[in-house]
Protein chains: 2
Amino acid sequence: MAREPASLDLVRVLREHGVQPSAQRLAIAECVLAAVDHPAADTVLARVQERLPLVSRATVYNTLHRFVEAGLLRELSIAEGRTVYDPKLDPHHHFVDLDSGAIHDLPWDALEVRGVEQLSAERLSAYDVRDYQVVLRGRRHARRRAP
Amino acid sequence: MAREPASLDLVRVLREHGVQPSAQRLAIAECVLAAVDHPAADTVLARVQERLPLVSRATVYNTLHRFVEAGLLRELSIAEGRTVYDPKLDPHHHFVDLDSGAIHDLPWDALEVRGVEQLSAERLSAYDVRDYQVVLRGRRHARRRAP
DNA sequence: TCGCGTTCTGGACTTAGTCTAAATTCGTCA
DNA sequence: TGACGAATTTAGACTAAGTCCAGAACGCGA
Ligand SMILES: [Mn+2]
Ligand SMILES: [Mn+2]
Ligand SMILES: [Zn+2]
Ligand SMILES: [Zn+2]
């Protein structure tokens with residue numbers, strides 16, 4: 001039941017991004033870098049404390065911000081005032097489930113947005129677009145069993 | 001310097017939406033229903049208190065929520081954890097200025113999103129889309145003077 | 001004018017997040 | 001190995017956004 005391999009990978013990942021791999025940072029990285037559910041900071045804190053009960057809130061907030069600066073995470077504010085963290089760095093869209101509040105990823109290619117270039121066109125407009133995404137809201141129903 | 005005409009309009013608007021027009025609600029409505037800058041609740045509180053210094057925070061929060069239920073406002077969470085209110089009810093997109101945090105409206109027709117129907121298609125997907133918008137982030141530069 | 005339901009108020013409370021000063025840990029070098 | 005300065009972590013105070021509540025005020029119909 002070795003748990004080291006994953007951690008060794010994480011040590012390398014953190015070093016490559018200029019982050020010293022402390023025990024706390026590794027535990028936080030393990031929680032958040034593979035998360036698929038866009039957790040909030042306090043969710044990360046709760047999960048990390050299951051393994052490392054003494055981590056402080058300040059460390060979790062500091063580390064998440066450091067990971068964002070280091071390019072390991074993105075910070076999102078798309079649903080009901082929550083700030084959540086997303087380890088998926090390539091562009092993609094998000095679907096917010098209005099019942100549960102859950103945030104789901106949609107592949108970039110699932111949607112096509114036309115007209116962004118015109119907005120950014122120098123001399124024509126005031127908008128210098130750095131990035132964009134489609135945010136959809138609705139309900140996620142049980143997927144039909146394939147016939 | 002009559003100030004009544006606008007207020008009379010607002011009385012009618014509130015009544016038509018099933019909201020009793022009290023003095024506080026009218027003052028809040030005057031602040032937020034014509035706002036073009038997507039104010040947060042505390043911004044609304046500050047503006048209302050300029051005219052009606054005794055309104056309480058609780059009343060502003062309650063009233064904003066009531067206006068949302070009544071279909072007079074929308075609540076948005078698109079930038080840095082803030083919750084803001086938008087009196088523009090028809091579908092449109094939003095541009096977030098990364099320098100100032102300001103939120104600007106973009107007309108619905110400025111962008112075209114393709115592929116949403118496929119996401120919603122029964123039997124094919126798990127997503128029941130109720131609404132969507134494009135959220136763009138970047139910088140707003142001074143508009144060039146027309147040549 | 002009275003009575004009663006609605007609205008408003010201040011303040012306590014909660015939650016998310018920041019900040020600080022002290023304690024601990026870590027890397028390095030003698 | 002031991003010492004030392006830098007980096008990291010910690011607990012707790014603090015702030016900001018938002019909720020909740022019990023009582024006060026209001027407002028409309030009888
Ligand atoms: Mn943050
Ligand atoms: Mn709200
Ligand atoms: Zn995502
Ligand atoms: Zn808007």
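Everything numeric here is computed off the predicted structure, so don't read it as measured data. Reckoned from all heavy atoms, side chains included, excluding hydrogens, waters and symmetry mates. In what follows, every chain begins at residue 1, and chains take the letters A, B, ... in the order their sequences are listed.
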Checklist entry - Is there a donor-acceptor pair closer than 3.5 Å between any side-chain N or O of A:Gln133 and the backbone N or O of B:Val135? => result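 Not at all, since once roles are kept as given, no pair shorter than 3.5 Å links the two residues.
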
Next on the checklist: Check whether A:Arg57 reaches the backbone of A:Leu45 with its side chain - one donor and one acceptor, N or O, closer than 3.5 Å.
Outcome noted: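 Looks like no, no N/O pair under 3.5 Å.
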
Atom-to-atom span, [atom1] of [X] to [atom2] of [N] - whole angstrom:
X       : N      : atom1 : atom2 : result
B:Ile28 : C:dT7  : CD1   : P     : 13 Å
A:Asp42 : C:dT18 : CG    : P     : 11 Å
B:Leu52 : C:dC8  : CG    : P     : 10 Å
B:Gln24 : C:dG10 : CD    : P     : 10 Å

Checklist entry - Is the distance from OP1 or OP2 of C:dC26 to the nearest side-chain N or O of A:Ser22 less than 4.0 Å? => result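 A:Ser22 to C:dC26 OP1/OP2: no side-chain N or O under 4.0 Å.
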
Item to check | Presence of B:Arg82 side-chain N/O under 4.0 Å of D:dA16 phosphate oxygens OP1/OP2 | outcome: no

Checklist outcome for this item: Residue set satisfying side chain to side chain contact (heavy atoms under 4.5 Å, CB included) with B:Asp109, at least two apart, ordered chain then number -> none

Item to check | Listed partners of B:Ala27 passing side chain to side chain contact (heavy atoms under 4.5 Å, CB included), at least two apart | outcome: B:Val48, B:Leu52

Checklist entry - Got a sec? Which of residues 54-68 of chain A come in under 4.0 Å of DNA chain D, heavy atoms? => result A:Leu54, A:Val55, A:Ser56, A:Ala58, A:Thr59, A:Arg66

Checklist entry - Would B:Leu136 and A:Tyr127 count as a side-chain contact (heavy atoms from CB on, under 4.5 Å) if you check the C-alpha gap in whole Å, the side-chain angles of each, and the deciding distance to 0.1 Å? => result CA-CA 9 Å; B:Leu136 305 99; A:Tyr127 300 104; over 6 Å; no

Item to check | Contacts of type salt bridge (Lys or Arg N to Asp or Glu O under 4.0 Å), residue A:Glu69, not counting sequence neighbours | outcome: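 Partners of A:Glu69 by the salt bridge (Lys or Arg N to Asp or Glu O under 4.0 Å) criterion come out as none, since no residue qualifies.
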
Item to check | Under 4.0 Å protein heavy-atom contact, by nucleotide of nucleotides 23-30 of chain D - B base, S sugar-phosphate only | outcome: --------

Item to check | Nearest-neighbour nucleotide for the B:Ala41 side chain, D:dG18, C:dC8, D:dT9 considered | outcome: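 Of all the options, the side chain of B:Ala41 is nearest to D:dG18.
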
Without placing hydrogens or testing angles, list every side-chain donor-acceptor pair under 3.5 Å for residues 33-43 of chain A, not counting sequence neighbours.
{"residue": "A:Asp37", "atom": "OD2", "partner": "A:Arg47", "partner atom": "NH2", "Å": "2.6"}
{"residue": "A:His38", "atom": "ND1", "partner": "A:Ile103", "partner atom": "O", "Å": "3.2"}
{"residue": "A:His38", "atom": "NE2", "partner": "A:Asp86", "partner atom": "OD2", "Å": "3.2"}
{"residue": "A:His38", "atom": "NE2", "partner": "A:His94", "partner atom": "NE2", "Å": "3.2"}
{"residue": "A:His38", "atom": "NE2", "partner": "A:Asp105", "partner atom": "OD1", "Å": "2.8"}

Checklist entry - Are any non-hydrogen side-chain atoms of B:Leu111 and A:Tyr132 less than 4.5 angstrom apart? => result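 They are not in contact (no side-chain heavy atoms under 4.5 Å apart), so the answer is no.
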
